[in-house]
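Comments concern the structure below.
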2 protein chains.
Amino acid sequence: MATISDVAKRAGLSRTTVSRVINQHPYVSEDKKKLVEQAMLELKYVPNSNAQKLRKQSTETIAVYVPRLTNPFFSQLVETMEEVAVEEGFQLLLCQTRYNKQQELNYMQILKGKQIDGLILTSMENPWSEIEPYLLYGPIVLCNDYDYSARVPIAHLDQVMGGYIGTKHLIDRGHEVIVYCSSEPGISRVSKDRQEGYIKAMQQANLKIRPEWMFSDQFTVEGGKRLFYRIHHQKDRPTAIFTGSDEVAAGLIHEARKNGYRVPEDLAVIGFDDQPIAELMGLTTVKQPIDRLGKTAMELMIQQIKSKKMGDARRVELPFELIIRETT
Amino acid sequence: MATISDVAKRAGLSRTTVSRVINQHPYVSEDKKKLVEQAMLELKYVPNSNAQKLRKQSTETIAVYVPRLTNPFFSQLVETMEEVAVEEGFQLLLCQTRYNKQQELNYMQILKGKQIDGLILTSMENPWSEIEPYLLYGPIVLCNDYDYSARVPIAHLDQVMGGYIGTKHLIDRGHEVIVYCSSEPGISRVSKDRQEGYIKAMQQANLKIRPEWMFSDQFTVEGGKRLFYRIHHQKDRPTAIFTGSDEVAAGLIHEARKNGYRVPEDLAVIGFDDQPIAELMGLTTVKQPIDRLGKTAMELMIQQIKSKKMGDARRVELPFELIIRETT
DNA sequence: GTAATCTATGAAATCGTTTTCATAGTCCGA
DNA sequence: TCGGACTATGAAAACGATTTCATAGATTAC
């Protein structure tokens with residue numbers, strides 16, 4: 001494999017000059033530049049990026065932590081992030097925490113080892129205080145999940161509002177017994193706040209809230225199905241359900257219909273996210289602008305890397321949109 | 001940030017000995033080892049991974065090229081691959097080609113620049129002859145998409161068979177006018193072979209094949225909807241459709257029902273992949289073992305990296321499974 | 001006409017590791 | 001008791017780039 005020295009030798013110049021051509025420094029004469037380019041072409045030379053990273057102390061690589069990719073919310077988030085990153089000349093290292101505290105912390109070594117220029121967290125399995133120390137080693141941006149005590153850029157939605165909007169819609173439709181199902185396992189602020197929004201809306205309407213109406217352990221299509229049977233067998237059956245994702249809603253509706261329920265007459269269901277499946281099923285849902293969320297987070301990251309300033313804790317809050325279809 | 005020299009100084013030993021401890025070489029006495037570990041702890045030392053990569057000439061990083069992540073087939077594939085990679089001590093660099101020839105070639109610089117130890121292609125936008133030269137720079141493994149002339153490890157399914165199974169099932173159900181819809185844009189062998197399987201089954205049954213019964217431009221839920229209207233307005237309306245993915249099938253069925261079609265009585269539909277949505281919609285489908293596919297490909301890659309032997313063109317072919325539900 | 005600035009180039013230091021080579025003491029068998 | 005094998009350590013070279021510093025000719029400014 002050709003090195004920069006080989007190129008220099010071939011062009012009859014020094015390594016310095018070759019490096020200047022590669023990095024488009026000024027002060028290289030046109031004719032020498034041509035010579036170098038010719039030599040690089042002949043030798044099929046490509047700079048060794050590990051050497052570059054070591055010397056430049058920058059890697060043009062950003063890591064994204066997601067719980068798991070089969071959750072469409074996160075795969076769409078990552079898709080957008082990769083697109084923005086590449087446009088700006090960065091690459092994406094993908095890390096799945098699998099909702100696991102330890103896994104998340106293990107991955108932190110990547111930041112410590114200078115392997116990446118920055119880190120985007122889309123969910124946090126550990127409290128911010130566990131993560132904060134790593135800020136020493138490089139910039140961190142929060143996306144989706146958040147913690148207001150964190151002094152880092154954040155792109156997110158006000159999930160209290162999200163929970164409120166959805167619940168309020170069900171209340172407006174005349175429902176009084178409403179079940180809430182959270183979106184994620186773990187200590188995520190997203191779940192906590194969204195549930196707070198649910199509670200707020202219920203209280204405002206003077207409706208009862210009961211622990212057995214709040215679920216926090218079902219997150220997939222399968223989970224939605226299980227959720228249905230839990231409800232189905234309850235004494236005080238709810239008339240409406242606020243689910244943490246469109247997938248849970250879809251699974252739930254599927255199973256409900258199979259058991260002779262009419263939706264929304266016997267059971268109203270509202271989803272969350274507005275994934276393709278929502279339109280397909282005619283699902284009323286609280287839409288999250290996932291693309292804008294991912295784009296914003298990545299841009300905040302890149303700005304921070306390029307400006308080399310840490311500590312500009314800009315917070316960008318994006319809006320929800322209630323999409324009313326046929327399940328409420 | 002502490003370097004290996006700092007650690008060495010603090011422990012009163014040489015860099016060499018510290019390096020030996022880090023890499024668990026033999027021939028380090030217990031007491032010196034303790035000293036080094038103590039020093040590393042005190043200084044919160046973490047090796048600079050770019051320096052390691054440069055010196056070791058290996059990066060413990062594998063790149064995966066996918067067209068795009070919002071296609072659930074690919075996000076599931078990547079999810080599995082990441083899991084296997086991490087288990088074996090590797091990391092995953094994610095690259096989306098967006099079905100774009102040039103993008104795919106651009107990304108090839110990553111391999112040339114020694115930034116990764118190997119490359120897994122899940123789809124090919126360029127003919128193998130364009131890609132082959134890059135083998136010089138590191139191992140390549142094909143996954144899902146394939147080209148029999150490529151002398152590299154391949155994990156895939158016999159898509160001719162896949163197309164045949166699905167079509168045969170429709171024929172067995174008594175259908176004679178069957179539309180085929182391919183799974184991907186571009187020159188992918190997957191599409192070509194699957195279509196060949198369709199043709200084979202049709203010919204075996206002495207059924208007519210017409211160009212206007214073959215579509216190759218719709219790949220999403222939205223695409224499925226558009227596909228429905230194309231068919232809806234045709235003169236010789238088909239009674240059955242073989243779609244390239246469950247999503248297309250889902251969109252199509254949704255739109256068909258909206259227009260008063262009964263499925264499968266007026267229009268039978270078979271999907272491909274067996275994604276969660278397929279069960280949800282009661283969709284008959286040709287199941288691909290995506291997890292096994294991803295796992296196998298990653299294992300083939302890691303074996304090749306670890307053995308340092310190139311050119312063992314092992315081919316692993318996994319089986320389809322026909323899942324019959326209610327849409328055929 | 002001279003000092004200051006700009007342009008163009010290369011030698012050598014540097015980034016932070018691992019690897020090679022050299023050295024020396026210990027142990028063991030004949 | 002001698003020689004080979006094993007254990008333990010460190011100095012210096014190597015990985016392949018970029019950056020700093022030095023130098024020198026060309027140009028500009030007054």
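Letters A, B, ... mirror the listed sequences (proteins, then strands); counts begin at 1.
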Residues from [range] lying under 4.0 Å of DNA chain C - heavy atoms:
range                       : answer
residues 105-115 of chain B : none
residues 7-16 of chain B    : Arg15(B), Thr16(B)
residues 38-48 of chain A   : none

Decide whether [X] and [Y] meet the rule of one side-chain donor and one side-chain acceptor closer than 3.5 Å.
X         : Y         : answer
Gln115(B) : Asn50(A)  : no
Gln52(B)  : Gln57(B)  : no
Asn106(A) : Gln102(A) : yes

Inset, instruction - Grab the CD1-P distance between Ile4(B) and dT14(C) for me, whole Å please. - result: 18 Å
Inset, instruction - Take atom CZ of Arg20(B) and atom C1' of dA8(D), then tell me their distance rounded to the nearest Å. - result: 8 Å
Legend entry - For Tyr107(B), ring-ring contact (aromatic ring centres under 6.0 Å, His included) partners two or more places apart: Tyr65(B)
Inset, instruction - Hey, can you tell me if Tyr146(A) and His156(A) have their rings parallel, tilted or perpendicular (30° and 60° cut-offs)? - result: tilted
Legend entry - side-chain N/O Ser19(B) vs dT18(C) OP1/OP2, d < 4.0 Å: yes
Inset, instruction - Taking only the side-chain nitrogens and oxygens of Thr17(B), find out if one of them lies under 4.0 Å from OP1 or OP2 of dG10(D). - result: yes
Legend entry - Close residues, residues 22-33 of chain B, relative to DNA chain D [heavy-atom separation under 4.0 Å]: Tyr27(B), Val28(B), Ser29(B), Lys32(B)
Legend entry - Residue-level proximity of residues 51-60 of chain B to DNA chain D when a heavy atom falls under 4.0 Å: Leu54(B), Arg55(B), Gln57(B)
Inset, instruction - Please give the angle, rounded to 10 degrees, between the axes at the start and the end of the helix from dG1(C)-dC30(D) to dA30(C)-dT1(D), where five pairs define each axis. - result: 30°
Would you mind checking if [Y] and [X] are paired as a salt bridge, meaning a charged N to carboxylate O distance below 4.0 Å?
X         : Y         : result
Glu125(A) : Arg98(A)  : no
Glu88(A)  : Lys306(A) : yes
Lys192(A) : Glu184(A) : no

Legend entry - Nearest-0.5 Å distance that lies between atom CG in Asp291(B) and atom CG in Leu77(B): 8.5 Å
Legend entry - From CG (Leu293(B)) to CD (Gln288(B)), nearest 0.5 Å: 7.0 Å
If a pair satisfies salt bridge (charged side-chain N to carboxylate O under 4.0 Å, His left out) and one of its residues is in [range], list it, with sequence neighbours excluded.
range                       : result
residues 113-124 of chain A : none
residues 38-57 of chain A   : Arg10(A)-Glu42(A)
residues 17-37 of chain A   : Glu30(A)-Lys34(A)
residues 65-77 of chain A   : Arg68(A)-Glu79(B)

Given 3.5 Å as the limit, does a donor-acceptor pair link the side chain of [X] with the main chain of [Y], or not?
X         : Y         : answer
Asp145(B) : Thr122(B) : no
Ser19(B)  : Arg15(B)  : no
Glu317(B) : Ala155(B) : no

Legend entry - Partner set under side chain to side chain contact (heavy atoms under 4.5 Å, CB included) for Lys295(A), not counting sequence neighbours: Thr80(A), Val84(A), Glu299(A)
